[in-house]
Structure formats: C-alpha cells, structure tokens
Q: 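This structure is in structure tokens; I'll ask about it shortly.
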Amino acid sequence: MRSTNVILLPLGGVLVSGTIHNMFVGNLFPPASIHSLEFNDETDSLTLVKTYKADSPHAWISFDHAKKNIYGVSVNASSIASYRVTSPTSVELARSFPPTGVCTNTTSAFIEAMTSPPYYVFSAAWPQPCGMSYSVDADGTLADVLDRWTYTPSSGVHGLALNEVDGQQLLYSADLSGDLIWTHAVNLTTGKVAEVGRLGVGGTGVHPRHLAAHSNGKYLYVVNEANNSLAQFELSPQRGEAVKESVRYRLIPEKENNTQYWSAEVMLSPSERYLWATARAQRDTTNHGFISVFLLASDGHIIKEMLRVPTTTVGGWANAISPAIWSDEYAAMTDYPQGYVQMFKLDGKIETEYGIEYTTATPVSKVDIADGGCCANVIWYS
Ligand SMILES: *[C@@H]1O[C@H](CO)[C@@H](O)[C@H](O)[C@H]1NC(C)=O
Ligand SMILES: *[C@@H]1O[C@H](CO)[C@@H](O)[C@H](O)[C@H]1NC(C)=O
Ligand SMILES: *[C@@H]1O[C@H](CO)[C@@H](O)[C@H](O)[C@H]1NC(C)=O
Ligand SMILES: *[C@@H]1O[C@H](CO)[C@@H](O)[C@H](O)[C@H]1NC(C)=O
Ligand SMILES: *[C@@H]1O[C@H](CO)[C@@H](O)[C@H](O)[C@H]1NC(C)=O
C-alpha cells in the first residue's frame, strides 16, 4: 500500500524529493464529511486534498484489510456506512443501514475490521450497550449482520480491539460506562461472538475508553478516560482473555487537576515498539492536552514511559492520535472543535540500553479544516 508517488519540488533552489503518504479523516459533528489529506515525509508538509459529503458525521472510521473500503459509525445518526475507496484520495458511499434487532436505535462509537479471512467487521455502541458483527461482500462492502449482542444494562462500549491468539480470533471491548474490559471469542464460520471473560478495571468511574492489543497476544493496553491513565493488562495464554492489570501510568502531570482532563486514545506504532496515548483537556478549560509515548519490549510489556509533551490546544472532543503506518517516528493528531489535523514527529533520538529511544515529540505541520465538524480520527491509507 506504500505510495510510489515521488514528487520533486524546488525549495530554496534545492531539489527535494519526498514520498507522499495519504490519509482520510472524518467529521465528528455536522457537516457530514470525509476529507482526504496528503503528507510529504521530506518537507513535512500536510495538505487537504479534497472534502467529500459523508452519510453522517462519523465518530470513528476504519479501513477494511485491503483498504478498498472505509467503514463509519456515528454517535448521532444511528447508521452504519460503508464507502468505496476509489483512489488514494477519494471515496464514495456504497451502503448505509440502521442498526437492527436488539441494537435498534443504538448509536455507535467504534468500528473495526479483521485483517485476515473472513474479514468480519465489528461495531460497538455507546452510550447504549450493544455490539454487532458483519460479513463483507467480495469487494469488502458491509453485507449482512451476523450477530448482535449486549453487555450489562449499565454498559456503554466506546472502543474495540481485535487480535488473534493461537488461531482464535478475539474481540476486546472497552466498556466505559460499566468499568469493564470484555473478551469475546469470534466463531470464524458464523461470525457470532461468545463471552470469554469480563474484568473490572479497578473501581467505579475509571472509564476505560479505547484499547490496543499487541500482536504477540500477551498484553492489552487500555486508556482510562476519567482516571487519565494508561493501563497494561495481561492476557491469559490459554484463552487470550484479559486477566490482570499489571501496571498503570498517569497521562497528565501529577500537579494537574484530574477533573479538567479526559484521556482519549491509545495506539501502537507500526513496529509495535512505541505506544502512543493522549489526554484531552476538558472543553470548558483553557488547558492543553498531552501526548505520551511508551517504550515496549519485544514481548509487548511496557518498559517505561519514554516521553510526555503538551499538545498545542485544548483538544476538547478529539485528540485522537494515529501513528503513521510507514514510520515509527510520525503520528497524526486531530482536534475538535478547533478543527485541524496536526503531524507530530519523535525527536531527540538517543541510544540506550534498550536501543533507540526519543526524548521528545514536536509538532511539524498542521492543516486547518475549520468547517465546524472536523475532526474525529485519521486513518492512514499509505
Ligand atoms: C450529537 O450528540 C452530541 C452529544 O449528545 C450533541 O451534543 C450534539 O448536539 C449532537 N449533534 C447532532 C447534530 O445531533
Ligand atoms: C426507535 O426510535 C424511533 C424514533 O424515536 C421510535 O419510534 C421507535 O419506537 C424506537 N424503536 C425501539 C425499538 O426502541
Ligand atoms: C462455530 O459455529 C458452528 C455452528 O454453530 C459450530 O459448529 C462450530 O463448532 C463453532 N466453532 C467453534 C470454534 O466454536
Ligand atoms: C486513578 O487510578 C489510580 C490507581 O487505581 C488511583 O490511585 C487514583 O486514585 C485514580 N485517580 C482518580 C483521579 O480517580
Ligand atoms: C478541579 O477542577 C474542577 C473543575 O474545573 C474544579 O471544580 C475544582 O475546584 C478543581 N479542584 C482543585 C483542587 O483545584
């Protein structure tokens, strides 16, 4: 999927070449739009290519395994959308349908696709508790709903993570309102899920929001929205379910007032050596948010917090960080309500007993998309 576009452009009389990387970002609120962007890794320039009308504002978008489709869910419009990716910078709506059965009238916060056959797709509802699995047609467009399931009456699932442990496809759910981490096993013939376990996150009001699973199947990382922390969970070697929290790191400085922040995101770098996590400042403050990067061992356990830097604005409803897929050093971050996408780059490279580390991360470029609804999350095409 790496873009082979190489552009040559004169800069101060010197010819500079760079690889162009493409990404899409959705709007969290109206107007319903999906934007295509490009980033030049030599000049660090970030530009908006084109804006497309979307089926609804999308709290979350994700690609299918082949990047021929984008799936989108909305916390307002109660619909699930499937778009065809018609070029590295363009999309068109293929299908949109409302949630049905026990999920009728629920609104969704997250959607993710399997990266191996049969490429099932999973969505989770928040604030109401509901999950759905979908089959896809030969082109990757969402086809049928295969299963619908609920959690507890007080649940509300905000984030999902998929992982394969010993040939078993597992689905992890971050139950924000229920303060639980759920593990389900996916039946690869039917697309139906079965609960493997549910684990408390260490108290009421911690609010696990999003999660990421290391591919070695031993660890799950959870960002706790209200506790403003990043927790590492151990997975059982037998069934892959989350069994124990082993360590927790604060995502804001000690001196900060916890109630003025709500942490947002956690994602792995492409080599899985670095783990990016973000905290947003609350919308009614003038604080800025924070980006933390953790150093991971090859088995996936967190060695240490490598750095924490302030973001440039409040972050409000977004601060969704999306590590580049082509380098461990870059990540794109979004802001709503200011409406922008900003590139951060790891900096201050040093060699230590653990290998390559970085001492800081700096914003290198930004593109404003101040249409009133941007920006939710970025997905990297190339
Ligand atoms: C979407 O939901 C949020 C949160 O409930 C609300 O503040 C916002 O006004 C809604 N937007 C629309 C267009 O319904
Ligand atoms: C879903 O919402 C619609 C519109 O508010 C309402 O008419 C309908 O009864 C709801 N259905 C269920 C199953 O709650
Ligand atoms: C998947 O579901 C089918 C049909 O119910 C069943 O026969 C099969 O044993 C299930 N597979 C697993 C691994 O549970
Ligand atoms: C966050 O979690 C830690 C560890 O469980 C706990 O000590 C702390 O009181 C929590 N902080 C807040 C603000 O809830
Ligand atoms: C923390 O922030 C909240 C909300 O802004 C405020 O009500 C509270 O007084 C603050 N607490 C302290 C100790 O400053």
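As the structure lists them, so they are numbered: ligands from 1, and atoms in each ligand from 1.
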Q: Has N187 got a side-chain atom pairing as donor or acceptor with T190's backbone, closer than 3.5 angstrom?
A: yes

Q: Distance-only, no hydrogens or angles: does the S74 side chain make a donor-acceptor pair with backbone N or O of S78 under 3.5 Å?
A: no

Q: Can you find a protein heavy atom closer to atom 9 (O) of ligand 5 than 4.0 Å?
A: no

Q: Between T107 (side chain only) and W126 (backbone N and O only), is there a donor and an acceptor less than 3.5 Å apart?
A: yes

Q: So, is R248 polar-close to ligand 4, with some N/O to N/O distance under 3.5 Å?
A: yes

Q: Tell me: protein heavy atom nearest atom 5 (O) of ligand 5, and distance?
A: Q260 NE2, 3.2 Å

Q: Does the distance from a Lys or Arg side-chain N to an Asp or Glu carboxylate O, for E225 and R280, drop under 4.0 Å?
A: yes

Q: Name the option, out of N287, T259, N257, D284, that contains the heavy atom nearest to atom 13 (C) of ligand 5.
A: N257

Q: Give me the nearest non-hydrogen protein atom to atom 6 (C) of ligand 4 as residue plus atom name, then the distance to 0.1 Å.
A: N227 ND2, 4.3 Å

Q: Is the terminal nitrogen or CZ of K349 (NZ for Lys, CZ for Arg) located under 6.0 angstrom from the six-membered ring centre of Y358 and within 45° of that ring's axis?
A: no

Q: Can you report which non-hydrogen protein atom sits closest to atom 3 (C) of ligand 2, along with the distance?
A: N105 ND2, 3.5 Å

